[in-house]
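Report on one structure; see the data block that follows.
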Amino acid sequence: DLVVVPGGGWITRSPMGAWAEAQRGALPAKLAQLHREGVVMTSVCTGAMLLAAAGLLKNRAATTNHGALDELAATGANVVRARVVDDGDVITAGGITCGLDLTLWLVERFIGPESALALEGSLEYERRGMVWRRQ
């Protein structure tokens with residue numbers, strides 16, 4: 001009951017990737033439907049722009065790749081400069097390496113801190129920055 005939306009292709013306006021899918025509209029419509037059905041939405045990098053195209057980020061805290069932050073703000077999202085932004089049923093992460101921080105946060109949130117710490121050791125990666133959370 002969790003969807004991870006990857007980015008890619010947004011900043012360069014590639015004919016394949018997040019920007020192209022936002023233009024087509026079918027994927028944002030499906031994401032909106034899944035969210036209405038109670039699925040937790042997450043994104044990495046410019047995958048947040050697909051969540052925005054689905055109407056899921058208006059007046060909500062979110063982040064994306066630094067190269068698309070102004071565009072994210074223009075969609076009505078409340079841009080937070082953090083590696084991971086947890087706004088309850090929508091969780092966004094910055095650029096591609098923030099995907100590691102997102103993964104560890106999801107493990108911590110849904111399984112527990114001990115599991116996240118074990119995974120951190122297994123990945124040989126120490127989390128950076130902070131997770132912004134709505135209180």
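The figures here come from the full heavy-atom set of this structure, side chains too, leaving out hydrogens, waters and symmetry mates. Quantities reported herein were computed from a predicted structural model and do not represent experimental measurements.
The shortest heavy-atom contact between Gly95 and Cys45 is CA-SG, 4.0 Å. Residues Arg109 and Gly88 come closest through the heavy atom pair NH1-O, 2.9 Å. Shortest non-hydrogen contact noted between Ala53 and Ala22 is CB-CB, 4.1 Å. Nearest heavy-atom pair across Ala52 and Thr75 is CB-OG1, 3.7 Å. Residues Ala20 and Pro15 share a closest heavy-atom pair of CB-O, 3.2 Å. Closest approach of Thr97 and Tyr125 over heavy atoms only: O-OH, 4.3 Å.
A distance of 5.5 Å separates CE in Met49 from CG in Leu72, rounded to the nearest 0.5 Å. Taking CG from Leu34 and CG from Leu2, the interatomic distance works out to 11.0 Å, rounded to the nearest 0.5 Å. The line from CG of Leu51 to CZ of Arg60 is 9.5 Å long, rounded to the nearest 0.5 Å. Between Thr92 atom OG1 and Asp87 atom CG the span is 8.0 Å, to the nearest 0.5 Å. Considering CD of Glu126 and CG of Leu117, their distance stands at 10.0 Å, rounded to 0.5 Å. In this structure, CG on Asp1 lies 9.5 Å from CZ on Phe110, to the nearest 0.5 angstrom.
There is no side-chain donor-acceptor pair under 3.5 Å between Asn65 and Trp10.
Sorted by first and then second residue, the pairs that involve residues 111-122 and meet side chain to side chain donor-acceptor pair (under 3.5 Å), not counting sequence neighbours, are Glu120-Arg127.
Side-chain heavy atoms closer than 4.5 Å link hydrophobic residues (I, L, V, M, F, W, Y) into clusters, and following such links, even through other members, never connects Met130 to Leu104. Neither Trp132 nor Met41 shares a network with the other; the hydrophobic side chains, linked directly or stepwise wherever heavy atoms of I, L, V, M, F, W or Y lie under 4.5 Å apart, form separate groups for each. Tracing side-chain contacts under 4.5 Å through hydrophobic residues (I, L, V, M, F, W, Y), one never reaches Leu106 starting from Val3; they form parts of separate clusters. Cluster annotation: Val131 is connected to Val4 through the hydrophobic network of ILVMFWY side chains, with a link wherever side-chain heavy atoms come within less than 4.5 Å. Taken together through direct or relayed side-chain contacts under 4.5 Å among Ile, Leu, Val, Met, Phe, Trp and Tyr, Leu56 and Val40 form parts of separate hydrophobic clusters.
Under the salt bridge (Lys or Arg N to Asp or Glu O under 4.0 Å) criterion, Arg24 pairs with Glu21, sequence neighbours left out. Residues passing the side chain to side chain contact (heavy atoms under 4.5 Å, CB included) test with Thr103 are Leu119, sequence neighbours excluded.
A 4.5 Å side-chain heavy-atom check between Thr12 and Trp19 finds every atom pair outside the cut-off. Contact of the Glu71 side chain with the Thr64 side chain is not registered, since no non-hydrogen atoms from C-beta on lie closer than 4.5 Å.
Of the candidates Val85, Asp70, Leu69, Leu57, Val79 forms a side chain to side chain contact (heavy atoms under 4.5 Å, CB included) with just one, namely Leu69. When each of Val44, Thr63, Ile91 is tested with Val84 by the rule side chain to side chain contact (heavy atoms under 4.5 Å, CB included), just one qualifies, namely Ile91.
When the shell of 6.0 Å around CD1 of Ile96 is examined, it contains 12 or fewer heavy atoms from other residues, nucleotides or ligands.
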